[in-house]
Amino acid sequence: MAQARSRKRRIGMQIAEHATGIVASLLFLAPIVWTVLSAFKPAQESRQPPLPPWPTTGFSVENYATLNTFGDGLWLPAQNSIYVSVMTVVLSVIVSVLAGYGFSRFRFPLKNLLFVLILSTIMIPFQSILTPIFLVLTKIGLHNTLTGLVCVYVTLQLPFSIFMMRNAFDAVPREIEEAARMDGANNVTMLLRVMLPLVWPGIVTIALFAFLGAWNEFLAALVLMTDQSKFTLPIMMTALQSGRFGAIDWGAVQAGVTVMMVPCLVLFLLLQRFYIRGLMAGAVK
């Protein structure tokens with residue numbers, strides 16, 4: 001009798017957990033599905049009340065065509081965003097892997113102090129240093145350039161990325177490194193052929209963070225970019241939401257949100273397995 005009650009209680013708990021998970025998933029998915037469906041409404045229907053969220057007069061790509069007529073079109077800001085995001089990922093990964101490996105495996109003067117100073121920059125609000133960044137980029141000739149924007153994004157990503165990579169390298173048993181040393185591996189071979197395959201989830205994690213941060217960042221691009229041909233997608237979306245003559249084309253806005261959202265969702269779904277493992281790296285030794 002007690003076993004039957006315990007089993008019923010366990011089944012009830014499982015049902016409650018699954019029901020809670022389903023409800024939470026629906027709450028998270030509802031805005032995404034709503035946005036995607038709204039983007040396929042005909043232009044006339046998208047100006048009407050948003051309920052129901054799906055097209056009632058047939059699916060249409062008219063909003064995407066309208067989106068391509070704003071400013072210099074859709075492809076140019078998308079190309080700028082792709083360039084900035086990819087370069088941010090590449091530079092962030094290279095620098096953070098080298099720095100994380102150095103902080104984890106080498107001894108040098110003021111090592112701990114330097115690492116704490118790097119981490120302390122996370123506590124500085126980004127908005128408070130925009131003016132110095134603007135002046136520095138102007139002084140070195142990188143103001144209003146995508147390269148300058150990449151340098152800013154990499155600088156913002158490095159503290160967290162170095163922290164993650166140091167933890168990932170710390171989680172690798174030193175016995176593996178010692179065995180490779182006995183086989184004649186030098187520092188470069190050790191890093192490229194032994195350590196990198198073992199810390200791959202951490203690399204994917206910082207790469208994903210860097211991509212999402214650069215792809216969606218708005219404030220720095222707004223302040224540092226003055227040439228319309230250098231605008232990224234978030235800046236284009238701001239101009240789109242401002243509307244023409246005070247009228248906002250909500251269908252085009254939903255189409256723009258969908259365009260910005262899809263790459264992030266695809267990357268996260270493809271890399272989520274490595275992402276979770278990367279976040280856990282170094283948590284348990």
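The hydrophobic cluster containing Ile124 also contains Phe115, counting ILVMFWY residues as joined when their side-chain heavy atoms lie under 4.5 angstrom apart, directly or transitively. Linking Ile, Leu, Val, Met, Phe, Trp and Tyr whenever their side-chain heavy atoms come within less than 4.5 Å leaves Phe126 and Leu117 in two separate clusters. Hydrophobic clustering places Ile140 together with Val84 (ILVMFWY residues linked when any side-chain heavy atoms are closer than 4.5 Å, directly or through intermediates). Residues Leu119 and Val95 share a single hydrophobic cluster, defined by chaining ILVMFWY side chains whose heavy atoms lie under 4.5 Å apart. There is no path of hydrophobic side-chain contacts, each under 4.5 Å, that joins Phe28 to Leu265.
The two residues Pro197 and Leu192 make their nearest non-hydrogen contact at CD-O, 3.9 Å. Taking every heavy atom of both residues into account, Pro159 and Ile122 meet most closely at CB-CG1, 3.5 Å. Nearest heavy atom pair, residue Pro234 against residue Phe218, reads O-CD1, 4.0 Å. Minimum interatomic distance between Gly141 and Thr145 (heavy atoms only, all atoms of both residues): O-CG2, 4.4 Å. The two atoms that bring Ala221 and Glu217 nearest to each other are N-OE1, 3.3 Å, heavy atoms only. Residues Ile203 and Leu196 share a closest heavy-atom pair of CD1-CD2, 3.7 Å.
For Phe103 and Phe108, the distance between ring centers is under 6.0 angstrom.
The backbone N or O of Met225 lies less than 3.5 Å from no partner atom in the side chain of Asn144, so there is not a single donor-acceptor pair. Between the side chain of Ser96 and the backbone N or O of Val93, at least one donor-acceptor pair lies under 3.5 Å. Of the possible donor and acceptor atoms, none in the side chain of Trp215 sits under 3.5 Å from a partner among the backbone N and O of Cys264. Without hydrogens or angle criteria, Thr232 side chain to Asn80 main chain gives no donor-acceptor distance under 3.5 Å. Although no hydrogens or angles enter the test, the distance criterion places no donor-acceptor pair under 3.5 Å between the side chain of Ser92 and the main chain of Val89.
Here the SG-CG distance, from Cys151 to Leu156, works out to 11.0 Å after rounding to the nearest 0.5 Å. To the nearest 0.5 Å, the span separating CG on Leu212 from CG on Asn216 amounts to 6.5 Å. Separating the CD1 atom in Ile133 from the CG atom in Leu142 is a distance of 12.5 Å, to the nearest 0.5 Å. Here the OG1 atom belonging to Thr226 is positioned 7.5 Å from the CZ atom belonging to Phe231, to the nearest 0.5 angstrom. Taken to the nearest 0.5 Å, the CG atom of Leu224 stands 12.0 Å off from the NZ atom of Lys230. Taken from OG in Ser104 to CZ in Arg174, the straight-line distance is 6.0 Å, to the nearest 0.5 Å.
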*Evaluate the side-chain contact (heavy atoms from CB on, under 4.5 Å) criterion for residues Thr88 and Leu149: first the C-alpha distance (whole Å), next the side-chain angles of each, then the deciding distance (0.1 Å), finally the verdict.*
CA-CA 9 Å; Thr88 300; Leu149 193 61; over 6 Å; no

*asked:* Please determine whether side-chain contact (heavy atoms from CB on, under 4.5 Å) holds for the pair Met195 and Val172, giving the CA-CA distance in whole Å, both sets of side-chain angles, and the decisive distance to 0.1 Å.
replied: CA-CA 8 Å; Met195 303 297 285; Val172 177; 4.0 Å; yes

*Going through the distances and angles, do Thr189 and Val194 end up as a side-chain contact (heavy atoms from CB on, under 4.5 Å)?*
CA-CA 7 Å; Thr189 303; Val194 178; 5.6 Å; no

*Apply side-chain contact (heavy atoms from CB on, under 4.5 Å) to the pair Leu135 and Thr138, showing each step before the final yes or no.*
CA-CA 5 Å; Leu135 295 176; Thr138 303; 5.7 Å; no

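Under the 4.5 Å side-chain criterion, counting only non-hydrogen atoms from C-beta, Ile32 is not in contact with Thr258. Contact annotation: the side chain of Gln228 never approaches that of Leu76 to less than 4.5 Å [non-hydrogen atoms, C-beta and beyond]. Contact of the Tyr153 side chain with the Met87 side chain is not registered, since no non-hydrogen atoms from C-beta on lie closer than 4.5 Å. You'll find the side chain of Val152 reaches within 4.5 Å of the side chain of Leu137, heavy atoms only. Counting only heavy atoms from C-beta outward, the side chains of Tyr101 and Met165 never approach each other to under 4.5 Å.
Both the sub-6.0 Å distance and the 45° axial angle are not jointly satisfied by Arg105 relative to the ring of Phe169.
Within 6.0 Å of CZ on Phe106 lie more than 12 heavy atoms contributed by other residues, nucleotides or ligands. Applying the 6.0 Å contact sphere to CZ of Phe211 captures more than 12 heavy atoms from other residues, nucleotides or ligands.
Ring pair Phe160/Phe209 is tilted by interplanar angle, where 30° to 60° counts as tilted.
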